[in-house]
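Read the structure below first, then the notes.
None of the values given here were measured: they were computed from a predicted structure. Residues take their numbers from the sequence shown, with the count starting at 1. Order of appearance sets the numbers: ligands from 1, and atoms from 1 within every ligand.
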Amino acid sequence: MPLEAVTSLVTFGSELLNNPRPIGSAVPSSRFLARRMASYLPRAPRGYVIELGAGTGAITAALLKRGIPPEQIIPVERSESMVRLLKRRFPFLKIALGDASELRTLLRTFLAKDNIEISHVVSSLPLRSLPENVVTNIIREVHAVLPKEGKLVQYTYNLSKTSHPCLSGFKRIRTTIVWANVPPARLDVFQKNGKSSG
Ligand SMILES: C[S@@+](CC[C@H](N)C(=O)[O-])C[C@H]1O[C@@H](n2cnc3c(N)ncnc32)[C@H](O)[C@@H]1O
């Protein structure tokens, strides 16, 4: 196993032991899930692609492999040790250490800009295991940063088609199950609708 994969597993495992709820998974996403997730984004998005819960970079790597320009990808991660690892792994990316439930403030401070065009949010956040008030805040922020018809790509280990109730401000436009992941995951693409979330 390459050293990079071992380091990712060790960092992921120690975060999981210390703070299981925000991690919400036993291992990083498989390359199959990551590749499928990235395939839902255009190679030349109109604005920034915000990646929530970047972890050890499984999805980040797939976004880069998809050909999305690195200057348009902003991984956001709340764990300091994961951010240290991400910075080593992707020294050319701007990586935001912070909480997705304060996304607007975080991005404004991090990018030192008021008007940021964001076309996609790609999220690995474990919406089903985070506390409900945290999820409400996160989805409110995602809804606020996306333009009309902006896309949220999210996976879940709940394979049933019921969406999280907090996602009422979004319409699901694609769904697929990726079996080659531990555990298998359902991948959804949501489009923002007019109704506000949370
Ligand atoms: C299931 S892991 C996914 C990691 C990686 N993207 C992958 O797919 O392998 C969830 C990640 O979300 C991060 N996270 C959880 N809550 C967060 C929050 N409120 N803001 C930012 N990151 C958060 C965790 O630290 C963890 O790295």
Side-chain angles (χ1 to χ4, degrees), residues 4-41 49-66 68 73-90 93-107 109-110 118 120-145 152-158 164 166 178 180-188 197-198:
E4 186 180 89
V6 175
T7 314
S8 290
L9 275 178
V10 170
T11 307
F12 203 93
S14 74
E15 279 292 314
L16 181 66
L17 288 176
N18 289 331
N19 206 357
R21 213 166 166 187
I23 303 296
S25 137
V27 283
S29 294
S30 72
R31 63 181 191 281
F32 304 100
L33 176 59
R35 195 161 56 208
R36 182 61 81 88
M37 212 163 177
S39 75
Y40 288 144
L41 277 80
V49 172
I50 307 298
E51 189 204 348
L52 302 181
T56 52
I59 312 296
T60 323
L63 294 173
L64 289 163
K65 209 163 175 191
R66 171 89 176 134
I68 297 173
I73 303 174
I74 311 284
V76 173
E77 173 52 59
R78 59 171 285 287
S79 148
E80 287 185 20
S81 63
M82 301 254 202
V83 168
R84 273 198 299 276
L85 186 147
L86 287 165
K87 285 184 173 169
R88 279 202 305 274
R89 195 171 168 195
F90 309 106
L93 285 183
K94 287 184 183 157
I95 296 162
L97 168 66
D99 199 306
S101 59
E102 293 164 4
L103 190 60
R104 278 174 289 183
T105 311
L106 177 67
L107 291 177
T109 316
F110 183 70
I118 293 167
H120 294 77
V121 173
V122 175
S123 163
S124 306
L125 298 176
L127 299 184
R128 305 228 177 219
S129 62
L130 291 172
E132 207 165 313
N133 63 322
V134 174
V135 176
T136 303
N137 290 341
I138 291 171
I139 299 301
R140 184 201 59 224
E141 292 292 304
V142 171
H143 197 272
V145 299
L152 163 66
V153 185
Q154 169 81 51
Y155 68 74
T156 173
Y157 302 129
N158 179 336
H164 196 288
C166 280
V178 178
N181 190 65
V182 181
R186 186 161 54 76
L187 190 49
D188 291 317
S197 273

Looking at [X], which atoms of ligand 1 are within less than 4.0 Å of one of its heavy atoms?
X: Y155; value: 1 (C), 3 (C), 7 (C), 8 (O)
X: A54; value: 5 (C), 6 (N)
X: D99; value: 18 (C), 19 (N), 20 (N)
X: S29; value: 7 (C), 8 (O), 9 (O)
X: P28; value: 9 (O)
X: L125; value: 12 (O), 14 (N), 15 (C), 16 (N), 17 (C), 22 (N), 23 (C)

Protein contact of [atom] - nearest heavy atom, named by residue and atom, plus distance:
atom: atom 2 (S) of ligand 1; answer: I23 O, 3.3 Å
atom: atom 17 (C) of ligand 1; answer: R78 CD, 3.2 Å
atom: atom 15 (C) of ligand 1; answer: P22 O, 3.1 Å
atom: atom 4 (C) of ligand 1; answer: G53 O, 3.5 Å

Apply side chain to side chain contact (heavy atoms under 4.5 Å, CB included) to residues I138 and L130 and explain how you reach the verdict.
CA-CA 10 Å; I138 291 171; L130 291 172; 3.9 Å; yes
Under a plain distance cut-off of 3.5 Å, with no hydrogens placed, do [Y] and [X] share a side-chain donor-acceptor pair?
X: E15; Y: S81; value: yes
X: N158; Y: T156; value: no
X: N181; Y: S30; value: yes

With heavy atoms only and a cut-off of under 4.0 Å, state how [X] meets ligand 1: side chain, backbone, both or neither.
X: I59; value: side chain
X: Y157; value: neither
X: M82; value: side chain

For atom 20 (N) of ligand 1, state which one of A100, A34, P131, A185 supplies the nearest heavy atom.
A100
Please determine whether any non-hydrogen atom of [X] lies less than 4.0 Å from an atom of ligand 1.
X: G98; answer: yes
X: G24; answer: no
X: L52; answer: no

Look only at the side chain of [X] and the backbone of [Y], and say whether a donor-acceptor pair between them is shorter than 3.5 Å.
X: E51; Y: V122; answer: no
X: E141; Y: R104; answer: yes
X: R128; Y: Y157; answer: no
X: E102; Y: N137; answer: no
X: R78; Y: D99; answer: no

Does the N or O separation between E77 and ligand 1 drop below 3.5 Å for any pair?
yes
Does S101, backbone or side chain, put an N or O under 3.5 Å from an N or O of ligand 1?
no
Is the shortest side-chain heavy-atom distance between V178 and Y155 below 4.5 Å?
no
Does the side chain of V76 reach to within under 4.5 Å of the side chain of L106, using non-hydrogen atoms?
yes
Would you find more than 12 non-hydrogen atoms of other residues, nucleotides or ligands less than 6.0 Å from R186 atom CZ?
yes
